[in-house]
There are 2 protein chains.
Amino acid sequence: MKEAKISPSVVRRLPIYLRHVQDLLDAGIDTVSSKEMGAKLDLNPAQIRKDLAYFGEFGRKGVGYEVEYLARKLEQILHLDQQIRVALVGVGHLGMALSNYTRFQNERITIAGLYDQDPKKMNMQVGKLRVKPLLKIEEDAKTIGFQIGIIAVPAFSAQEVCDVMIRCGIRVILNFAPSSLKVPANIHVRSTDMTTELQSLAYYISE
Amino acid sequence: MKEAKISPSVVRRLPIYLRHVQDLLDAGIDTVSSKEMGAKLDLNPAQIRKDLAYFGEFGRKGVGYEVEYLARKLEQILHLDQQIRVALVGVGHLGMALSNYTRFQNERITIAGLYDQDPKKMNMQVGKLRVKPLLKIEEDAKTIGFQIGIIAVPAFSAQEVCDVMIRCGIRVILNFAPSSLKVPANIHVRSTDMTTELQSLAYYISE
DNA sequence: TAGATTGTTAATCGATTAACAATC
DNA sequence: TAGATTGTTAATCGATTAACAATC
């Protein structure tokens, strides 16, 4: 399943395809063409076909894609057919939003550890978990085995948290702090933050 | 200030430049080169120069960019030198995170209206604001004049909220719901959601 | 002046879209 | 069979990077 080298732009569209075919599945539709998907998702049909073709021949000429099969394949590609355990550091408002947002992917993605540096938050109960000190993450990582780390702390401590995660063996990180993280080449980081999004949108307002 | 046609990729980097020069300003540094910025932000110096050059000649050959001047210019370009009033619909965990996240850009970006459809949340106090029914947004829009709308509701009602915002005269929308919104050509929408981000990252985990 | 760094043009790289043979 | 739609190659478009004259 390790394909040539799929571009990030392609990978970022896969969950969108998956979500759509899951909706179709729920609606009892069992076949869909790239043209129909494109219309719904506002994407070029050729792009959808090309994206999917990187991973195999999922469609049938003259017919389209079998919805259930495509959903299963996309789940496999995204590793969403297996349990994914996430360590979340930073239990502020955003961290809380993420924690209580459990319905990720059929609960296959679960937040399995909550950490913070603020003593006031220690042992705070959030869903089934309790907030622990950041120091505990390394110990927990050994028993739990986190696949993804989420950084939801202020910018000034993001790099520190990132370094701790990497020491824990976490190689995939989602960073919500507005800061550019420095990581070794084998670590995969995606940074996105609400402030930056909002500020860039402000460019488009016409006074 | 309406330049040719700046690509979205360029616009999305502007807040990153701004944040960096603001940090430099705080640190008392008054000149910076594209090379230094590139090293810090992990970007190609030529790209930084080219991005900035779309908007004017902000640097001095042989010297670099004057930090304070550049910060002021970037604020102007992003309209962050004027008050920006935001309408936020959906006061769930994410909406709360956004509301309490007031320190956007020197408070120049302010959430000026909070709306929800859940009767249980009506009149709830969040910071200086009270949650109002979605229906009230149109009336408020006339007096307040929102420049940006933020959608923080579940996917199934995102399109509806979007339509209401457009009817209010809002032309710039930030959508946190996992759904592809249909809007007229003159409306600017940016969609980003945590589930999709996390799912696409799952691609990179190696079992 | 010599060294540094910009703004900008040209070259490269990558991503999207069009076109179409294969085939269901 | 005729019509539809895939998978894929080629063409296009756009974004990034390299190179360098201008100049501080």
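Every chain is numbered from 1 and lettered A, B, ... according to where its sequence line falls, protein lines coming before strand lines.
- Listed pair B:Tyr65 / C:dG7 meets the phosphate criterion, a side-chain N or O lying under 4.0 Å from OP1 or OP2.
- When the salt bridge (charged side-chain N to carboxylate O under 4.0 Å, His left out) test is applied to A:Arg49, no partner is found at least two apart in sequence or on another chain.
- To the nearest angstrom, P of D:dT5 lies 16 Å from CG of A:Leu70.
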Whether each nucleotide of nucleotides 14-24 of chain C has a protein heavy atom under 4.0 Å at its base (B), only at its sugar-phosphate (S) or at neither (-) is summarised, 5' to 3', as -SBBBB--BBB

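- In this structure B:Glu66 satisfies the salt bridge (charged side-chain N to carboxylate O under 4.0 Å, His left out) test with no other residue, sequence neighbours excluded.
- A:Met37 places its CE atom 10 Å from the P atom of D:dT6, with the value rounded to the nearest Å.
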Listed pairs under 3.5 Å, donor-acceptor, residues 148-163 of chain B side chains, sequence neighbours left out:
from	atom 1	to	atom 2	distance (Å)
B:Gln159	OE1	B:Lys182	N	2.9
B:Gln159	NE2	B:Asp163	OD1	2.9
B:Gln159	NE2	B:Lys182	O	3.1
B:Glu160	OE2	B:Gln117	NE2	3.2

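- For the pair A:Asp30 (side chain) and A:Val67 (backbone), a donor-acceptor distance under 3.5 Å is absent.
- Put simply, CG on B:Leu52 is 12 Å from P on C:dT8, counting in whole angstrom units.
- Within the structure, side-chain hydrogen bond (donor to acceptor under 3.5 Å, both in side chains) contacts touching residues 138-149 of chain B (residues at least two apart or in different chains) are B:Tyr115-B:Asp140, B:Lys132-B:Asp140, B:Lys136-B:Glu139.
- For A:Glu197, the salt bridge (charged side-chain N to carboxylate O under 4.0 Å, His left out) test picks out B:Arg12, B:Arg190, with sequence neighbours left out.
- Listed by residue number, there are no residues of residues 23-36 of chain B with a heavy-atom contact under 4.0 Å to DNA chain D.
- Consecutive Watson-Crick or G-U pairing (both distances under 3.5 Å) extending over three or more pairs maps onto DNA chain C as C:3-24 with D:3-24.
- Every residue two or more places apart in sequence or in another chain that forms a ring-ring contact (aromatic ring centres under 6.0 Å, His included) with B:His188 is listed here: A:Tyr204.
- Remark: B:Thr196 engages A:Pro15, A:Ile16, A:Arg19, B:Pro178, B:Asp193 in a side-chain contact (heavy atoms from CB on, under 4.5 Å) (not counting sequence neighbours).
- The distance from atom CD1 of A:Ile48 to atom P of D:dT6 is 9 Å, rounded to the nearest whole Å.
- In this structure the side chain of A:Leu52 reaches within 4.5 angstrom of the side chain of A:Leu74, judged on heavy atoms.
- Listed by first and then second residue, the ring pair (Phe, Tyr, Trp, His ring centres under 6.0 Å) pairs involving residues 18-51 of chain A amount to none (not counting sequence neighbours).
- Between the CZ atom of B:Phe58 and the P atom of C:dT8 there is a distance of 12 Å, rounded to whole Å.
- Applying the ring pair (Phe, Tyr, Trp, His ring centres under 6.0 Å) test to pairs two or more places apart or on separate chains, none has a residue in residues 134-154 of chain A.
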